[in-house]
Enquirer: 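Supplied in structure tokens, the structure appears directly below.
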Amino acid sequence: MSDAVVTSAEPIEYDPAAMQERWLPVWDQLAPFRSGNPDDPRPPKYVLDMFPYPSGDLHMGHAEAYALGDVIARYWAQRGYNVMHPIGWDAFGLPAENAAIKRGEDPAVWTYENIATQKASMRRYACSFDWDRVLNTCDPEYYRWNQWIFLQMYERGLAYRKDSAVNWCPTDQTVLANEQVIGGRCERCDSIVTKKKLTQWYLRITDYAERLLDDMAQLQGKWPDKVLLMQQNWIGRSTGANVQFEITDHPQPVTVYTTRPDTLFGATFFVVAVDSELAAELASGGPAEDEFNEYLEQVKQSSDIDRMATDRPKTGVFLHRYAINPVNGEQLPVYASDYVLADYGTGAVMAVPAHDQRDLDFARAFDLPVRVVVAADSDPAVTGEATADDGVHVNSGPLDGLGKDEAISKIIELLAVDERGESAINYRLRDWLISRQRYWGTPIPIIHCPSCGEVPVPLDQLPVELPSAQGLDLQPKGSSPLGAAEDWVNVDCPRCGGAARRDTDTMDTFFDSSWYFLRFLDPHNSTEAFDPQQAQKWLPVDQYVGGVTHAILHLLYARFFTKVFFDMGLVSFEEPFERLLNQGMVQMDGSAMSKSRGNLVRLSDELVDHGVDAVRLTMVFAGPPEDDIDWADVSPAGAKKFLARAWRLAGDVTSPVGVDPTTGNEALRKVTHRMVSEAQQAVEAYRFNVAVAKTMELVNAVRKAIDSGCGGADPAVREATEAVAIMLSLVAPYTAEDMWSRLGHEPCVALAGWPKVDDALLVADSVTCVVQVAGKVRARLEVSPQIDEDELRELALAEPSVVTSLDGRGIRTVIVRAPKLVNIVPE
RNA sequence: GCGGGAGUGGCGGAAUUGGCAGACGCGCUGGAUUUAGGAUCCAGUGUCGAAAGACGUAGGGGUUCAAGUCCCCUCUCCCGCACCA
């Protein structure tokens, strides 16, 4: 044994794996992010990450999202807030069921295994979650309250069943909500969606269309504009008029909705949606009945994708009926066509080919007249281009000579006289179809009785638990697998006691996620969905973080539920999420990662290669959080190098804990306070990458101070290094904790408190003033920040380089912006 | 088609209210130290130019003492919606 140098027991090298081993158990014990103490004096703050679907282990996308959410949660904890940062699992859904079919096991087994895996990964990833609040939507203790909410809505007429042509995914063998059809394809499996006539449960979200639209004013500037705009377009409010048309040999008048009632005199035909009840009624018994039925069949066969090709030729069938134009008594031939949608407006339109492109296309295909009623430069009948702009009305009786807006007011006034029309508003938004013909979801708590009809399951019988998947054939076959669970399906009617059957459909999983942020308040509450007093304390969510993929679906539904709860008197706010941050996606070599593309980067590999902190830092430093990250463009190795460099500082601090920093080197102190202040502003403005850059600048400054400045014993070096540890604790918790310990502190650095910025140290001794001649920089002056304009002007004009570049020219004007800029404008 | 967003070095990206373009990092070049290094430290790095200097934020025009930033036109890319009357 050598009797040479005694080495320190501490590791000399930066070793992420060892730090992870060392600090995880310590944090488990200290649980610094528990938020449930009712006597906690800190003000509450609710930071929420969108909860994951347990599809396997965490991937790179999760790593980015949770790294960013953690910066926010950890920042507010450092600022002295009682931060509630919960996590749970959105655990119902098709992937579990499909995996179960493939492996021949219960979806619950697969789901809970994945949850355990993800939970372990999150712990290692050092997410600042409050582990006391975990929930899984597939637990009966959770979905019981889905059923309760559904029944509350049912009682209020917000949940109802109707028979209608619905979006059908032929692969998943289930219906889809409008919002789940993306470009005519199934959101999940990308199959082409078809239509199917089915009786299904809907939620009356359209009743809330106006509030969903208007309340977005509160979110302006707090949610990304893009998301607000997408929601606005999705709700799609339009204003116009309802106009009544008599139809020959038809008892009731038919109402049409139009945004251009001013063009009523230009109507030359009339179209009803081929798949509407009205069309069937008008065709029935008429000379075109067979032709109509044949056409209808043909349309039903076609998918949404086919229908979406806007340039395909117009088709239709003349029904041998006429609609009477209420303004001039003209007889307009009535057609059935698929270019009119059955579920928008009234499913019938007046066709004005001169001023609507679709009507014009149809008119040209069927050789129908085109009548111009708004003057324009070109003739639509000749050009094939409808003119939709404002203009002077012609051929329009009382509207002649008026512009669009006056004509609209005038015609509505005229129609109102004998109640043939009125102004009207329409929304693009449709009611939310929530029935699904699959097993792994919340059973709909309704019993169908042959004599009583729909009967809600009594509240004291909730939850209606899913029957075991054992023995059930989960293979998708167009109707719910629950129908085969005989013991479960057959029940006595709660009302008459007779034999009855349960509803066998399950709920869309978006129902589950529409209120989970409320359940986190009190995830094991067995007497109510959530405690309204807790809601009062914590909600609305201060900061929501998640992907933009949910810009419409989830966020719209959650807003809708919140408004329903408001109306029920359960909450006092109408918007659930105060602020929203949409993080970008992680890509590889320019495209989304996928196995089939062969560009999949495994998170677990990255964590082994670089350590948790380096991966988190890479995610945060890559760019603004909203932007996509291309993993090929960033450098986790560089991140690790920086962390090691920062970490080494802690070993070079030789002053004792608690030393008075005010006695330290002032230049370094100024850098420290400026960087802390700038990092703080950057975090609050979501510019986390800039906050990291400021931390790097501070590390560089400390390194320099130790090596070639005031030295490691100066109290300012300790102050700066402690600031580095705290700033790093938002992004690189292990490194920060290890630094904190090496600096002589007890854990946890996460709750050490954000460094207090001394404003006096933010004032610079001198500033560099730029002197320009004709906008070009000619000189720089070091001046006092308090210098006055006159003095600065004198100094600038006296600069030799200024005199040289003026070259004898006179001075027109001098712009002085003390203390930073002087611009001399020559003649 | 309609609506929205974005174009800054070799790369990722900085740049309150118009006020030094390129912070911070990656990469690269050179040096120091080292038996060695995918370690560490130092210096350099927009383009042209020996330098002075000139040019430079997709392209063109404009407003201004001053434009990456504001206005108009063009081009390119990305996203959302898509027969919504």
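Each chain gets a letter, A, B and so on, in the order the sequences are listed, and its residues count up from 1. Just so it is clear, the structure is predicted and the values come from calculations on it, not from any experiment.
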Enquirer: Over all strands shown, is A:K820 touching base, sugar-phosphate only, or nothing at heavy-atom distances under 4.0 angstrom?
Expert: nothing
Enquirer: Determine whether A:V702 and A:V671 make a side-chain contact, defined as any pair of heavy atoms from C-beta on separated by less than 4.5 Å.
Expert: no
Enquirer: Measuring only the P atom in each nucleotide, how far is B:A32 from B:A52? A whole number of Å is fine.
Expert: 27 Å
Enquirer: Could you tell me the Watson-Crick or G-U partner of B:G56, where both distances fall under 3.5 Å? Say none if there is no partner.
Expert: none
Enquirer: Sort out the partner of B:C75 for me: Watson-Crick or G-U wobble, both distances under 3.5 Å, none otherwise.
Expert: B:G7
Enquirer: Would you kindly compare A:W234 and A:R778 by the position of their nearest RNA chain B nucleotide and give the one closer to the 5′ end?
Expert: A:R778
Enquirer: Looking at the angle O4'-C1'-N9-C4 for a purine or O4'-C1'-N1-C2 for a pyrimidine, is B:G18 syn or anti, with syn meaning within 90° of 0?
Expert: anti
Enquirer: Report which part of the nucleic acid A:L821 touches: base, sugar-phosphate, or nothing (heavy-atom distance under 4.0 Å, all strands).
Expert: base
Enquirer: Please report, rounded to the nearest Å, how far the C1' atom of B:C77 is from the CD atom of A:Q587.
Expert: 13 Å
Enquirer: Between A:N426 and A:N823, name the one whose nearest nucleotide on RNA chain B is closer to the 5' end.
Expert: A:N823
Enquirer: Look through every strand shown and name the nucleotide pairing with B:G22 as Watson-Crick or G-U wobble, where both distances are under 3.5 Å.
Expert: none
Enquirer: In whole Å, what is the span from the CG atom of A:L429 to the P atom of B:C81?
Expert: 14 Å
Enquirer: Using atom CE of A:M216 as one end and atom P of B:G4 as the other, report the distance to the nearest whole Å.
Expert: 15 Å
Enquirer: Taking atom P in both B:C11 and B:G37, what distance in whole Å separates the two?
Expert: 31 Å
Enquirer: Taking any strand in view, what nucleotide pairs with B:U69 in a Watson-Crick or G-U wobble way, both distances under 3.5 Å?
Expert: none
Enquirer: How far, in whole Å, is B:A21 from B:C72 if one measures between their C1' atoms?
Expert: 24 Å
Enquirer: For A:N823 and A:R817, which I'm curious about, is there any donor-acceptor pair between the side chains at under 3.5 Å?
Expert: no
Enquirer: B:U29 and B:C75: how far apart are their P atoms, nearest whole angstrom?
Expert: 42 Å
Enquirer: Which whole number of Å gives the distance between the P atom of B:G80 and that of B:C71?
Expert: 26 Å
Enquirer: By the 4.0 Å heavy-atom rule, please label A:R237 as base, sugar-phosphate, or nothing.
Expert: nothing
Enquirer: Any side-chain heavy atom of A:Q681 within less than 4.5 Å of one from A:S677?
Expert: yes
Enquirer: For nucleotides 21-52 of chain B, give me one character per nucleotide, 5' to 3': B if any protein heavy atom sits under 4.0 Å from the base, S if the only such contacts are to the sugar-phosphate, - if neither.
Expert: --BBSS-------------SS-----------
Enquirer: NA contact type, A:R687, heavy-atom cut-off 4.0 Å: base, sugar-phosphate, or nothing?
Expert: sugar-phosphate
Enquirer: To the nearest Å, give me how far apart CG (A:L228) and P (B:C81) are.
Expert: 16 Å
Enquirer: For B:A50, what is the paired nucleotide under Watson-Crick or G-U wobble rules, both distances under 3.5 Å?
Expert: none
Enquirer: If you measure from the C1' atom in B:G27 to the same atom in B:C20, how many Å do you get, rounded?
Expert: 26 Å
Enquirer: Say you pick atom C1' in B:U69 and the same atom in B:U17; how far apart are they, in whole Å?
Expert: 11 Å
Enquirer: What is the distance, rounded to the nearest whole Å, between atom CZ of A:R817 and atom P of B:C65?
Expert: 11 Å
Enquirer: Considering every strand shown, what is the Watson-Crick or G-U wobble mate of B:C28 when both distances are under 3.5 Å?
Expert: B:G44
Enquirer: Measure from CZ on A:F688 to C1' on B:G13 and round the result to the nearest Å.
Expert: 16 Å
Enquirer: With a 3.5 angstrom cut-off on both distances, give the Watson-Crick or G-U wobble partner of B:G38, or none if there isn't one.
Expert: none
Enquirer: When we call it a touch if two heavy atoms are under 4.0 Å apart, what does A:V825 touch: a base, just sugar-phosphate, or nothing?
Expert: sugar-phosphate
Enquirer: Determine the Euclidean distance between corresponding C1' atoms of B:G56 and B:U47; express it in Å to zero decimal places.
Expert: 7 Å
Enquirer: May I ask you to say whether A:R703 pairs ionically with A:D707, meaning some side-chain N is under 4.0 Å from a carboxylate O?
Expert: yes
Enquirer: Apply side chain to side chain contact (heavy atoms under 4.5 Å, CB included) to the pair A:T263 and A:V374, showing each step before the final yes or no.
Expert: CA-CA 7 Å; A:T263 61; A:V374 181; 4.3 Å; yes
Enquirer: Applying the side-chain hydrogen bond (donor to acceptor under 3.5 Å, both in side chains) test to A:T768, which of A:K820, A:R780, A:E782 qualifies?
Expert: A:E782
Enquirer: Check every atom of B:G3, B:C20, B:A82 against the side chain of A:V770 and return the nucleotide holding the closest atom.
Expert: B:C20
Enquirer: Using only side-chain N and O atoms of A:Y344, determine if any of them is under 4.0 Å from OP1 or OP2 of B:A85.
Expert: yes
Enquirer: CD1 of A:I235 versus C1' of B:G3: gap in Å, rounded?
Expert: 16 Å
Enquirer: If you check every side-chain atom of A:K226, which of B:A85, B:G4, B:C79 has the closest atom?
Expert: B:C79
Enquirer: To the nearest 0.5 Å, tell me how far A:D275 CG sits from A:D338 CG.
Expert: 8.0 Å
Enquirer: So A:T695, base contact, sugar-phosphate only, or nothing? Heavy-atom distance under 4.0 Å.
Expert: nothing
Enquirer: If pairing requires Watson-Crick or G-U wobble contacts with both distances under 3.5 Å, which nucleotide is the partner of B:C83?
Expert: none
Enquirer: Taking the side chain as every heavy atom from C-beta outward, state whether A:V548 and A:M585 have any atom pair closer than 4.5 Å.
Expert: no
Enquirer: Specify the separation, in whole Å, of atom CD of A:E626 and atom C1' of B:C78.
Expert: 15 Å
Enquirer: Hey, do the aromatic rings of A:F269 and A:F362 have their centres closer than 6.0 Å?
Expert: yes
Enquirer: How close do A:V771 and A:A796 get, counting heavy atoms only, and between which atoms?
Expert: CG1-CB, 3.8 Å
